[in-house]
Amino acid sequence: MIHISLRFALLLKDDFSGATIADGGQRFFVNGRPVRPIRKPEGFFVFTAESAPGPEPADGWEVRIESTRYFARTLSVRSDQLPPDMPLRLVQMYRRPHSGFADCDWFEAKGPPGRLAALLFREDPPLALKAFSGNGEAISLRGYMAANLVWRRICVGSGSKAELFTLTARRPDGGYRVDHPARKRWKEGAPVYLTACAPAQPDGRCSVPIPPGWADRDPVVRWYDEEAMRWQEI
């Protein structure tokens with residue numbers, strides 16, 4: 001009998017379209033060592049004791065993902081921050097500009113290197129929060145949106161307390177599942193913005209993929225520190 005010791009699994013998602021990235025065109029490193037996780041047909045990359053050996057470091061395994069069409073990402077994966085029954089981490093991958101994507105336009109911005117540019121788009125009529133439910137894992141919105149919001153980013157609230165979410169599935173009640181529970185208590189009526197994101201490069205330049213035509217909607221550009229989960233004023 002072959003026994004496989006599962007450490008964790010990653011599911012890579014195109015941050016713009018929500019499509020699962022499972023073409024095998026990625027390279028993975030765990031704590032600086034190149035590894036080959038098991039690639040499942042559903043798109044999961046499974047890391048076992050072979051690809052993440054030894055006891056778990058105190059601050060988690062450092063995983064780096066490199067790709068030709070997406071910017072490299074380095075993240076810390078900690079088992080105590082993953083569901084115990086399915087230690088799965090969803091990873092948003094950001095498109096490299098002008099890498100063969102034909103379904104988006106590009107919005108140019110400049111800001112702090114390494115920070116995430118978040119373009120906030122206000123709808124007309126505006127979207128607002130109705131409620132969070134299920135321990136903050138589901139959200140319902142007020143307002144009308146003809147477009148499908150599944151795998152779209154949204155920003156709830158404004159100012160330094162705003163939170164970014166990805167809507168991962170539509171619920172039977174018309175609401176959405178979100179990629180992580182809300183970290184704050186939100187009141188009904190809080191503003192909700194459709195959001196497009198991309199990281200700033202070492203020189204501060206940033207190309208954000210947006211749906212065609214959205215550049216005319218005068219987005220508000222804000223900057224976010226994903227590791228610290230806080231907004232940065234510039």
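For clarity, every value in this text was computed on a predicted model and none was experimentally measured. For the numbers below, each heavy atom of this structure counts, side chains included, while hydrogens, waters and symmetry mates do not. Along the sequence shown, residues are numbered consecutively beginning with 1.
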Visitor: Under the side chain to side chain donor-acceptor pair (under 3.5 Å) definition, can you give me all pairs with a residue in residues 116-140, not counting sequence neighbours?
Guide: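 Passing the test, one end in residues 116-140: Glu123-Arg217.
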
Visitor: Which Ile, Leu, Val, Met, Phe, Trp or Tyr residues join Tyr224 in one cluster when any pair of side-chain heavy atoms under 4.5 Å counts as a link?
Guide: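 Members besides Tyr224, by chain and number: Phe71, Tyr94, Leu116, Leu164, Met229, Trp231.
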
Visitor: Show your reasoning for whether ring pair (Phe, Tyr, Trp, His ring centres under 6.0 Å) applies to Phe47 and Phe28.
Guide: CA-CA 10 Å; Phe47 293 76; Phe28 296 88; 5.6 Å; yes

Visitor: For residues 76-84, run the donor-acceptor check on the side chains, cut-off 3.5 Å, and write out each pair with its distance to 0.1 Å, sequence neighbours left out.
Guide:
unit_1 : atom_1 : unit_2 : atom_2 : d
Ser76  : OG     : Asp59  : O      : 2.6
Arg78  : NE     : Asp80  : OD1    : 3.1
Arg78  : NH2    : Asp80  : OD1    : 3.4
Arg78  : NH2    : Asp80  : OD2    : 2.6
Ser79  : OG     : Glu56  : OE1    : 2.5

Visitor: Can you find a pair of side-chain heavy atoms, one from Val221 and one from Val208, that are under 4.5 Å apart?
Guide: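 SC-SC contact between Val221 and Val208 ruled out.
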
Visitor: So, are Asp14 and Arg95 salt-bridged, with charged N and O less than 4.0 Å apart?
Guide: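 So Asp14 pairs with Arg95 through a salt bridge.
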
Visitor: Could you tell me the separation between the CG atom of Leu141 and the CG atom of Leu129, rounded to the nearest 0.5 Å?
Guide: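 Separation between the atoms: 7.0 Å.
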
Visitor: To the nearest 0.5 Å, tell me how far Ile65 CD1 sits from Arg73 CZ.
Guide: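 So the gap between those two atoms works out to 7.5 Å.
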
Visitor: Using a 6.0 Å distance limit plus a 45 degree cone around the ring axis, check whether Arg89 lies over the aromatic ring of Phe8.
Guide: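 No cation-pi geometry.
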
Visitor: Let's go through Phe107 and Phe121 carefully: what are the C-alpha distance in whole Å and the side-chain angles of both, what is the deciding distance for ring pair (Phe, Tyr, Trp, His ring centres under 6.0 Å) to 0.1 Å, and is it a yes or a no?
Guide: CA-CA 13 Å; Phe107 186 97; Phe121 297 88; 7.5 Å; no

Visitor: For atom CZ of Arg36, decide whether the heavy atoms of other residues, nucleotides or ligands shown that lie under 6.0 angstrom number more than 12.
Guide: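 12 or below, so no.
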
Visitor: Hydrophobic clusters join Ile, Leu, Val, Met, Phe, Trp and Tyr when side-chain heavy atoms are under 4.5 Å apart, directly or via other members; which others share one with Tyr193?
Guide: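 Its cluster mates, by chain and number, are Leu120, Val220.
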
Visitor: I need the minimum non-hydrogen distance between Arg64 and Ala72, along with the two atoms involved.
Guide: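 Taking every non-hydrogen atom into account, NH2-CB, 3.4 Å.
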
Visitor: Would you give the length of the straight line joining atom CD1 of Ile21 to atom OH of Tyr70, rounded to the nearest 0.5 angstrom?
Guide: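 Interatomic distance, Ile21 CD1 to Tyr70 OH, rounded to 0.5 Å: 4.0 Å.
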
Visitor: Taking salt bridge (Lys or Arg N to Asp or Glu O under 4.0 Å) as the definition, give me every residue that meets it alongside Arg142, ordered by chain and number, with sequence neighbours left out.
Guide: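 Counting only residues at least two positions away or on another chain, Arg142 forms a salt bridge (Lys or Arg N to Asp or Glu O under 4.0 Å) with Glu188.
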
Visitor: Roughly how far, to the nearest 0.5 Å, is the CD atom of Gln26 from the CZ atom of Arg69?
Guide: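 It comes to 10.5 Å.
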
Visitor: Going by the rule side chain to side chain contact (heavy atoms under 4.5 Å, CB included), which residues pair with Asp203 if we only count those two or more places apart in sequence or in a different chain?
Guide: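 Scan of Asp203 (side chain to side chain contact (heavy atoms under 4.5 Å, CB included), adjacent residues dropped) gives Gln201, Arg205.
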
Visitor: Measure the CH2-NZ distance between Trp186 and Lys184 for me, rounded to the nearest 0.5 Å.
Guide: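 Going from CH2 on Trp186 over to NZ on Lys184, the span is 6.0 Å.
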
